[in-house]
Number of protein chains: 2
Amino acid sequence: MLSKKCKYAIHALVYLAERHEQGPVQIQDISDDQHIPKKFLEAILLELRHAKILESKKGKGGGYYLIKDPSEVNLMQVMRLIDGPIALLPCVSLNYYERCDECRNEKTCGIRDSLVHVRDETLKILGNSTLAKIVKREKSLKTK
Amino acid sequence: MLSKKCKYAIHALVYLAERHEQGPVQIQDISDDQHIPKKFLEAILLELRHAKILESKKGKGGGYYLIKDPSEVNLMQVMRLIDGPIALLPCVSLNYYERCDECRNEKTCGIRDSLVHVRDETLKILGNSTLAKIVKREKSLKTK
DNA sequence: TTATTAGTCTACTTATTAAGTAGAGAATCA
DNA sequence: TGATTCTCTACTTAATAAGTAGACTAATAA
């Protein structure tokens with residue numbers, strides 16, 4: 001399961017993607033609209049800024065804005081950044097690999113195979129889910 | 001990520017599947033062989049018994065054994081039993097559905113679509129990963 | 001140049017869940 | 001009857017998630 005933090009991050013990014021190239025958006029606005037505790041959201045946006053997905057401006061008229069095109073930011077990146085590994089076990093993770101303490105022999109572990117498969121399918125879908133696509137989908141759902 | 005508990009459950013089940021129809025296996029044996037804390041393993045096996053996957057026998061010569069064919073037990077069942085939902089959000093879970101507090105309108109949420117897709121692909125793979133297949137795979141890996 | 005606005009950042013607190021343990025009890029067998 | 005092995009409730013401890021406080025810095029505009 002995704003953490004609330006990650007869910008918040010995604011919703012905030014979608015919100016910013018909808019307002020891409022329309023100037024900075026204040027934390028307070030996102031917090032109000034998306035029902036995310038402001039202080040918590042601050043920390044999340046800061047993390048996204050450090051990851052060079054967002055940039056910010058201080059002072060009056062300031063706020064946060066995307067510095068990547070919405071078509072270049074996808075759910076895989078965001079989930080990895082906020083929640084860490086996408087794989088179901090550390091020993092099948094590409095970005096956060098760790099040995100299993102239990103398995104004496106990783107090579108002969110019959111479970112890994114299925115989980116590698118799950119990981120690959122998941123990455124394919126999440127990597128293909130860009131903010132641009134999500135915004136587009138929401139628009140089409142709303143006009144129905 | 002899977003919990004340790006779930007990982008333990010899977011390893012214990014694979015161990016028992018390898019010894020299917022060879023009589024009861026003691027908790028201590030599984031614990032020793034798979035490096036699982038005995039008391040913790042007791043609780044896990046009990047849960048699997050309550051789910052009618054295992055049965056047990058008390059007293060001398062007792063222990064646990066599978067009461068389903070290894071081809072009828074898969075990772076989807078075990079993960080759902082031990083860890084709960086497989087979906088990445090409660091609002092896309094088939095067996096553990098819950099409304100999202102944040103999303104005002106689930107119908108127009110552009111994120112769900114991708115996560116439904118991830119869920120379906122994951123279920124397909126996990127549902128297809130039976131104990132029988134895992135045991136077979138381990139055997140073939142070991143003889144290499 | 002000062003007041004105001006808005007993000008920055010460290011250091012918390014609190015709540016929840018995961019992981020593991022203790023120990024008395026019940027069934028089975030020799 | 002006594003040893004063996006699972007049963008089950010009730011813990012403890014550790015880790016992580018979720019949320020908060022407050023002082024600080026940068027930008028803007030009167």
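All chains are named by letter (A, B, ...) in the order of the sequence lines, taking the proteins before the strands, and each is independently numbered beginning at 1.
- Checking D:dA21, C:dG20, C:dG7 against every side-chain atom of A:S56, the shortest atom distance belongs to C:dG7.
- Note: NE2 (A:H35) to P (D:dG19) measures 14 Å, nearest angstrom.
- Through direct or indirect side-chain contacts shorter than 4.5 Å among Ile, Leu, Val, Met, Phe, Trp and Tyr, B:I67 is connected to B:Y65.
- One atom, OH of A:Y65, and another, P of C:dG7, lie 12 Å apart when rounded to the nearest Å.
- Rounded to whole Å, the distance from CG on A:L2 to C1' on D:dA18 is 15 Å.
- Among residues two or more places apart in sequence or in another chain, the side-chain contact (heavy atoms from CB on, under 4.5 Å) test is passed with B:Q28 by B:S31, B:D32, B:K38.
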Please list, for nucleotides 3-6 of chain C, all pairs of protein and nucleotide N/O atoms separated by less than 3.5 Å.
residue	atom	partner	partner atom	Å
C:dA6	OP1	A:Q26	OE1	3.3
C:dA6	OP1	A:Q26	NE2	2.8
C:dA6	O4'	A:G59	O	3.3

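- In this model, the phosphate group of D:dG19 is approached by a side-chain N or O of A:Y8 to a distance below 4.0 Å at OP1 or OP2.
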Sequence neighbours excluded and cut-off under 3.5 Å, please list the side-chain donor-acceptor pairs for residues 116-130 of chain A, or say none.
residue	atom	partner	partner atom	Å
A:R119	NH1	A:V92	O	2.7
A:E121	OE2	A:K124	NZ	3.2
A:T122	OG1	A:V118	O	2.7
A:N128	OD1	A:K133	NZ	2.9
A:S129	OG	A:I125	O	2.9
A:S129	OG	B:S114	OG	2.8
A:T130	OG1	A:K133	N	3.1

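- For the pair A:M1 CE and D:dA17 P, the interatomic distance rounds to 15 Å; values are reported in whole Å.
- In this structure A:F40 satisfies the ring-ring contact (aromatic ring centres under 6.0 Å, His included) test together with A:Y8, sequence neighbours excluded.
- Contact of the A:I82 side chain with the A:V78 side chain is registered, since non-hydrogen atoms from C-beta on lie closer than 4.5 Å.
- Put simply, CG on A:L88 and CD1 on A:I111 are 11.5 Å apart, with the number rounded to the nearest 0.5 Å.
- Atom P of nucleotide D:dG19 and atom NZ of A:K5 are separated by 11 Å, given to the nearest angstrom.
- Take A:T108 and apply the side-chain contact (heavy atoms from CB on, under 4.5 Å) test, not counting sequence neighbours, and it matches A:N105, B:L141, B:K142.
- The salt bridge (Lys or Arg N to Asp or Glu O under 4.0 Å) contacts involving residues 57-75 of chain A comprise nothing, where partners must be two or more places apart or lie in separate chains.
- Side chains of A:S93 and A:E98 form no contact here, defined as non-hydrogen atoms less than 4.5 Å apart.
- In this structure, the CG atom of B:L54 is 14 Å from the C1' atom of D:dT7, given to the nearest Å.
- Near DNA chain C, meaning a heavy atom under 4.0 Å away, there are no residues from residues 12-22 of chain A.
- Remark: B:E42, B:L46, B:R49, B:H50 in residues 42-53 of chain B come within less than 4.0 Å of DNA chain D through at least one heavy atom.
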Give me, pair by pair, the N or O atoms of the protein and of nucleotides 11-18 of chain C that are less than 3.5 Å apart, along with how far apart they are.
none

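- Taken from SG in B:C6 to CG in B:L75, the straight-line distance is 8.0 Å, to the nearest 0.5 Å.
- We find the CD1-CE distance between A:I86 and B:M1 to be 10.0 Å, quoted to the nearest 0.5 Å.
- When rounded to the nearest whole Å, the span between CG of B:L41 and P of C:dA19 equals 14 Å.
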Identify all side-chain donor-acceptor contacts of residues 47-56 of chain A below 3.5 Å with residues at least two apart in sequence or on another chain.
residue	atom	partner	partner atom	Å
A:E47	OE1	A:K5	NZ	3.0
A:H50	ND1	A:L46	O	3.4

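- Side-chain contact between B:L131 and B:N74 is absent, with no heavy-atom pair separated by less than 4.5 Å.
- Following rounding to the nearest Å, B:F40 (CZ) and D:dC8 (P) show an atom-to-atom distance of 18 Å.
- Sorted by first and then second residue, the pairs that involve residues 75-87 of chain B and meet side chain to side chain donor-acceptor pair (under 3.5 Å), not counting sequence neighbours, are B:S3-B:D83.
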